[in-house]
Structures are given as structure tokens and as C-alpha cells.
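Below: one structure, written as C-alpha cells.
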Amino acid sequence: MSRLRLARSAGFCYGVRRAVELAERAAGEETPCWMLGSIIHNRDVVERLEALGLKTAQSPEEVPSGARALIRSHGESRAVLCALEARGVELLDATCPNVKRIHELVCQAEERGRTPVIIGTHRHPEVEAIAGWCRHPVVLSGVEELEKWLEEDEKNGKIPLTFVSQTTSTQKIWEDCLKKAKKECTNAEFFDTICGATSKRQDEAVRLARVCGAMVVVGDRHSSNTKRLAQLCAESCPRVQLIERAADLDPSDLKQADAVGITAGASTPAWIIKEVMDKMSDEIMEVEKSFAEMLEESIKTLNTGETVKGTVVAVTPTEIEVELGIKYPGYIPVSEMSDDPDVKIEDVVKVGDEIEAYVTLVSDRDCMVKLSKKRLDIVKGWEEIEAAQENESVLEGFITEDNKGGVVASIKGVRVFIPASQTGLPRETPMSELLKKKVRLVVTEVNRSRRRVVGSISRVTRAERAAAAEKVWAEIEEGKRYTGTVKSLTSYGVFVDIGGVDGMVHISELSWSRIKHPSEIVKVGDTLDVYVIAADKEKKKISLGVKDRSQDPWSVFTSTYQVGDTANVRIVKLMTFGAFAEVVPGVDGLIHISQIADHRIEKPGDVLAEGDKVDVKITDVDMERKKISLSIRALLEAPAVETEDSEEDVASSEE
């Protein structure tokens, strides 16, 4: 036996259901009411409404003055509405909200000096009504008519155009026209006004047709919506029956199919679908679920404020689509997914995941359910925050605001205020330093009725630092290496945080080179590799070193230079008798005042300054006392040296 599969979107759409419900209410009232034309494209529904007491008028003139007139879901022209109101007719407007939006668009377009172009079926009631809201509309059934219209007069492509679509058109017709218009029209704007319910119904029908051996499309043969469904199904399925009611069904054509899909136009009531399904189940079908169950699934809806679970079926850069097991899909905007500003959606959700969310909007007009995971997180966040305060547990959040009094963190969507004194920042540091950063904090105060939460970062920092310090002191030993952070500088050294404990690196241990201040080597915030020279656990003092003691500077010097070599050195200290210069880091040599220049000088500062780099000749090395004699004068040209010597001799004889 064949299996039956019912499309979720089969049957009344929002606009049709709204029109029928309005008609049913009008039929139950004492004042007579006329339906102006067929309220929807389904004669069975119209006949039923007439049986309830409504009357049908084929033209506005047939509606008596002072009576009531029900405007059909396809809408009416502005002229018709004005004529009825002028005669005192009370209007019950059942125009589909999507169609009314198109009326507004074409009106606004003409007010801006643009020409409305309506892509739709000629003489269709909806299209005629839309055209009736324009002074000079252009109605085109598809891309072929658009091409012909543009060829008729080259001016057509240059005037300001506003394109709209019949709500029940197909996406292909619209996109073909869109492509052509964008290429040929120089001043056009486009509004995709195809009803979301129509697109969804058509997509579902096509997907069903691709996996079923036969399709049954139920609906009025005059309905544009129903005829398009049948056309689309025929493109993917070999056997398609378009029927208006159960009596039209030909079971013999369906018996060979393993699966039979059924869909219905937007104007098809549930009771007709049930009659068709009952006949199919009696003769050829194996129905996995009763019609009541399938219908309940297809029309079940949700309410704002509910919590729902669903399966992720698509992830895009802007939203996450969720299958909720009801007629409408759910959508979570990316902005409603998480309160983490840096979150990457692909890292937190993927197709196939089950997700729980909060319903923020159910739109029958747009045939969708808007969801928010962030809102649900806020509800759960309050519970988590209250539990965290009670248990004194640590929470993570992102800093979203700063002010004079402190900063605000967001935890599961809940605002947590952190006073400046509890941020852990130094007093002179601006609060903005914490913006957009992830922090760990404890909750110190919760007042849910006032929606007030207070937290502390510093309490967590102090506790974590104390735990880290305890571990450091338990494991510290001489020679052990750490990677630390420079916390502060003094004239005699730097303090380095090695993980909860500060140790001091004396200036002499920072470098083999002679320096006057630690700032020549490091700055606050730098990462520094250090080793333990000594640790006093009782006094809680740690001495650290940075210099690499595996290399003896004197050995480096002796392996690099010998007497007679030339070296480029840095002047590190000036004395009255000469200047000390760094030959290699950790090894200095003396340039005697007599060896600084090729002429007499009063003091070294007349020629040299600390920090200067000069070339010198190594004239002597005292290996035992590790002293080095250097000379600039020895590198000067010989004639200049001889001249200097003669001048010194003259000076000596005069003395």
C-alpha cells in the first residue's frame, strides 16, 4: 500500500483564515452583509458562507446604500472603496495584510514620481486591485512581457520604475524579471512582495514532489495559488492530480506510487483536505497518522513568551533557522543568539543541533516565529546568578559599559554592576580599560525585584592570587625558572610577578651591561624570564636574576679579542683620569685620559660623553686582575701622534 505524506503548509494561509473568520462573524450578526465578489477563491467556502446568511454582490452597485460590504482578501481598488463609502456603506476590510502593503508601496511610488510595475497575472482580482491604487500602472505577467514592453519604447527603461509582485507569483518569475530589469532599467527599485506563506508552501510542495511517486493538489481550479502549486509539482513528479474535492480524486492513478504527497492551496479549508484523505486512506493509502494528528501538527501555533525546543536546519551570517515541528519555521537573529560580542556563530551552533529558545514574536502575516536564545539565557541567568551568590561560585561575563562609579558586566544577559573599588584596577587607571574584556567575578548582592546585581572582580583576583602564591611558595627552590610579568620599577631594580608572588630583580642582575636605571632594559607589563637566586619563606622575600650565568663575560671577551685588536665600544662612565667603556656586556676597559685624543685635554668630558660609541685599540690585558687598557689615540694617524709627542716634550722642558 502507498504511504501518505501531508505538507505542513497545506490549507488556509493567514490572510485567507482572517478573511473567512471575519465573514463568519459578520454572518452571525443581525445587520445584513454583502460579500463583494468571492471572498476567497474557493466556491465551497463561498457557498457555505452564503448558507450562513451572507449575500454575494458581483459589483459595488449591487450593495444597497447604508448596508455592509465585506472586502475580499484580494482587496479592491481605491475607486471602489471610495464609491462604497460615499453611499454610506460600512466596509469590513478582509484584504490580506500582504496585499495592503503592496497598495501602500505603489501609492508611495507614484507620490515620488515613479511608475509602478506590477508583475502578476492579468485580470487576477488581486492584480486588478493593486492597479486600482495607481494612476498609471504597468502590469506584466513575466519576463517576456517585460522584454517586449522595454523594446516598445526605449524611454520605458529610463523612467523611474518601482517593481512589485503579485503575492502568489513564483520566485522564478520574479527573479527572471528582476534580472532583466536590473540590466535594462537605469532607475528602478524593487520590492519582493511574494507572500512568505506562498513561497514556503511552494518550496514544501516541490520537496515533497521530489520524493513521492504521485502528488495530489487540493484547491479551487480558478485559484492562481493552487494552479501554481500543481505546475511546480509536475516539474518534479510524474503523476500530479489537481482536484477541488474528494469526488474528483482518481485512486487508480495513485496505486503504483510507494508514497503519495498531498498539498493544498491557501484557500482550501481543512474539511475538504480531510475528505480527500479519508477517501485515499479507504482505498489506497496506509496512513501513518490520523488526519487529526497531521492537521494538528500543521496548524499548531505558539505564543509569545513560551519556551520551545527545535532542531537547527540552517545557519547563515544573519540568522539561524530552527524546525519547531509546527506550520511555521523559527528564526533566531544572530544578535539574539548570545550576549558575547565576540562569539562566532559557527563555533556555538551547527545544523542538526537541538536548541532551546524563547518565543518573541509569532507572525501569521510573515509565516514565521521569531526566537531569542539570549532572552532565554537571561531567564536562566537570574537563576544561575542567585545560585552563584548562595554558593559563592565564580562566574564569567563581558564588560559592556563603564562609568565613573565602575563597570557593568553581562552574564547570561543579566547586567551586573561592579563598583570601581571592586574592579581590581589601580586607582589612576580608567574604567574603559576593561571594556569588551572577559572577566571572572563573584556576586555579592542580588535584588531581583529591582533587577539589581552587584559583583566583585577583585575578590576573585585576590583569592586566585593567594592560591597561586601558596603553590609558588610550596614549590619554589633556588635556580628554578619562571616566566613573570614586570609589575613596577625602582631605581635599584624591578618587581616581577611570578604567579601570585612578587620577586625582586636587582639592577645588577638585569644585565651584564652597566645600566643606570631598570627602564633602560624593561617597562611595566613586560614578560620576563627569571630564575630564583634566593627565597626566604619566613620573610616572604624572593631574589630573582635575569643574567645568563652560563656564559662568563670575561671568557666571552678573551675568546673574542686579544691585544692589538680593534673594538667598537660604548662609553659607560667618565672619571677625572679617563673613561670606562663596555667592550662586551659585563666587561669594561679603561681609556686613560692620555689615550683619549691626540692632543692634551683637561678632562674626558671635553671629547667623550656617556653612551658614545667609539673605536679603540686593545693595548693591554691583565688576565690575573681582569683589567683591560684601551686607546683611541693609538688608532689615530702616525703624523698626528708624533706632533702630539713633540708638544708634550716641549711642555715638559718648560716645566
Side-chain angles (χ1 to χ4, degrees), residues 317-320 332-349 356-358 360 371-469 483-488 497 499-500 502 523-527:
T318 58
E319 63 188 11
I320 296 91
I332 306 175
V334 167
S335 60
E336 291 296 318
M337 189 65 191
S338 171
D339 65 340
D340 182 348
D342 299 318
V343 71
K344 293 181 178 180
I345 294 302
E346 60 270 21
D347 293 340
V348 297
V349 66
E356 189 174 17
Y358 181 90
T360 60
L371 305 170
S372 172
K373 185 176 183 303
K374 188 163 68 175
R375 289 276 294 275
L376 181 63
D377 289 342
I378 292 174
V379 174
K380 293 184 175 181
W382 277 102
E383 298 173 358
E384 185 175 329
I385 283 172
E386 289 174 332
Q389 182 196 24
E390 184 177 345
N391 302 329
E392 298 185 351
S393 54
V394 177
L395 299 174
E396 286 189 349
F398 285 88
I399 302 300
T400 58
E401 304 172 34
D402 70 298
N403 51 54
K404 292 181 180 179
V407 295
V408 175
S410 177
I411 300 178
K412 299 288 186 179
V414 178
R415 297 175 79 255
V416 180
F417 176 67
I418 303 159
S421 62
Q422 297 300 311
T423 61
L425 292 175
R427 181 168 299 182
E428 65 277 5
T429 305
M431 296 293 106
S432 58
E433 286 291 314
L434 287 174
L435 277 177
K436 296 184 179 180
K437 291 185 178 179
K438 181 182 284 188
V439 296
R440 291 162 55 79
L441 55 87
V442 291
V443 176
T444 58
E445 178 187 339
V446 177
N447 188 325
R448 194 164 182 174
S449 61
R450 296 179 58 193
R451 304 187 68 80
R452 173 180 168 82
V453 183
V454 180
S456 170
I457 298 173
S458 58
R459 276 180 53 176
V460 175
T461 305
R462 288 195 299 268
E464 291 177 344
R465 186 173 174 82
T483 297
T485 303
V486 176
K487 299 299 290 294
S488 62
D497 181 355
D502 288 350
K523 62 181 182 297
V524 173
D526 281 355
T527 297

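We count residues from 1, following the sequence as given. Just so you know, these numbers use all the heavy atoms, side chains as well, and skip hydrogens, waters and symmetry mates.
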(message) Would you compute the distance between atom CE of Met431 and atom CD1 of Ile418 and round it to the nearest 0.5 angstrom?
(response) 10.5 Å
(request) Given salt bridge (Lys or Arg N to Asp or Glu O under 4.0 Å), test Arg452 with Glu445 step by step and report yes or no. (result) CA-CA 8 Å; Arg452 173 180 168 82; Glu445 178 187 339; 3.2 Å; yes
(message) Strictly below 4.0 Å, N to O, side chains only: are Glu383 and Arg448 in salt-bridge contact?
(response) no
(message) Within the 4.5 Å heavy-atom criterion, are Phe398 and Val439 side-chain neighbours or not?
(response) no
(message) For a 4.5 angstrom cut-off between non-hydrogen side-chain atoms, does Arg415 reach Glu401?
(response) yes
(message) Could you work out, with side chain to side chain donor-acceptor pair (under 3.5 Å) as the rule, every residue matching Ser449, not counting sequence neighbours?
(response) Asn447
(message) Measuring only between side-chain heavy atoms, which start at C-beta, is Met337 closer than 4.5 Å to Val349?
(response) yes
(message) I'd like to know if the side chain of Asp526 reaches the main chain of Lys523, judged simply by a donor and an acceptor atom lying under 3.5 Å from each other, with no hydrogens or angles considered.
(response) yes
(message) Rounded at 0.5 Å granularity, tell me how far NZ in Lys380 sits from OH in Tyr358.
(response) 13.5 Å
(message) To check you understand the geometry: which heavy-atom pair defines the closest contact between Val524 and Ser488, and what is its length?
(response) CG2-CA, 4.1 Å
(message) Any non-hydrogen side-chain atom of Val414 less than 4.5 Å from a side-chain atom of Val453?
(response) yes
(request) Provide the closest heavy-atom pair for Ala469 versus Gly500 in the form atom of the first, atom of the second, distance. (result) CB-O, 3.3 Å
(message) When you compare the side chain of Thr423 with that of Ser458, does any pair of heavy atoms fall below 4.5 Å?
(response) no
(message) Could you go through Leu434 and Leu425, starting from their C-alpha distance and side-chain angles, then the distance that decides it, and tell me whether this counts as side chain to side chain contact (heavy atoms under 4.5 Å, CB included)?
(response) CA-CA 9 Å; Leu434 287 174; Leu425 292 175; 3.8 Å; yes
(message) So, taking the atom named OG1 in Thr461 and the one named CD in Gln422, what distance separates them when rounded to the nearest 0.5 Å?
(response) 10.0 Å
(request) Please check if atom CD in Glu396 has more than 12 non-hydrogen atoms from other residues, nucleotides or ligands closer than 6.0 Å. (result) yes
(request) Please name all residues satisfying side-chain contact (heavy atoms from CB on, under 4.5 Å) with Ser372, sequence neighbours left out, ordered by chain then number. (result) Glu336, Thr360, Lys374, Arg375
(request) Taking side chain to side chain donor-acceptor pair (under 3.5 Å) as the test, write out the residues that go with Arg465, two or more places apart. (result) Asp497, Asp502
(message) Contact between Arg459 and Thr444 at the side-chain level, heavy atoms closer than 4.5 Å - yes or no?
(response) yes
(request) Kindly indicate, with the supporting measurements, whether the criterion side chain to side chain contact (heavy atoms under 4.5 Å, CB included) is fulfilled by Ile399 and Val408. (result) CA-CA 6 Å; Ile399 302 300; Val408 175; over 6 Å; no
(message) Distance check, rounded to the nearest 0.5 Å: Leu376 atom CG versus Glu356 atom CD?
(response) 5.0 Å
(message) Quick check: do Val443 and Leu395 have side-chain heavy atoms less than 4.5 Å from each other?
(response) yes
(message) If I compare all heavy atoms of Ile332 with all of Ala357, which pair ends up nearest, and what's the gap?
(response) CD1-CB, 4.2 Å
(request) Could you tell me whether the side chain of Ile385 reaches within less than 4.5 Å of the side chain of Val446, counting heavy atoms only? (result) yes
(message) Nearest 0.5 Å, please: how far is CG in Leu435 from CG in Asp402?
(response) 4.5 Å
(request) Evaluate side chain to side chain contact (heavy atoms under 4.5 Å, CB included) for Arg440 paired with Ile457, printing each intermediate quantity in order. (result) CA-CA 6 Å; Arg440 291 162 55 79; Ile457 298 173; over 6 Å; no
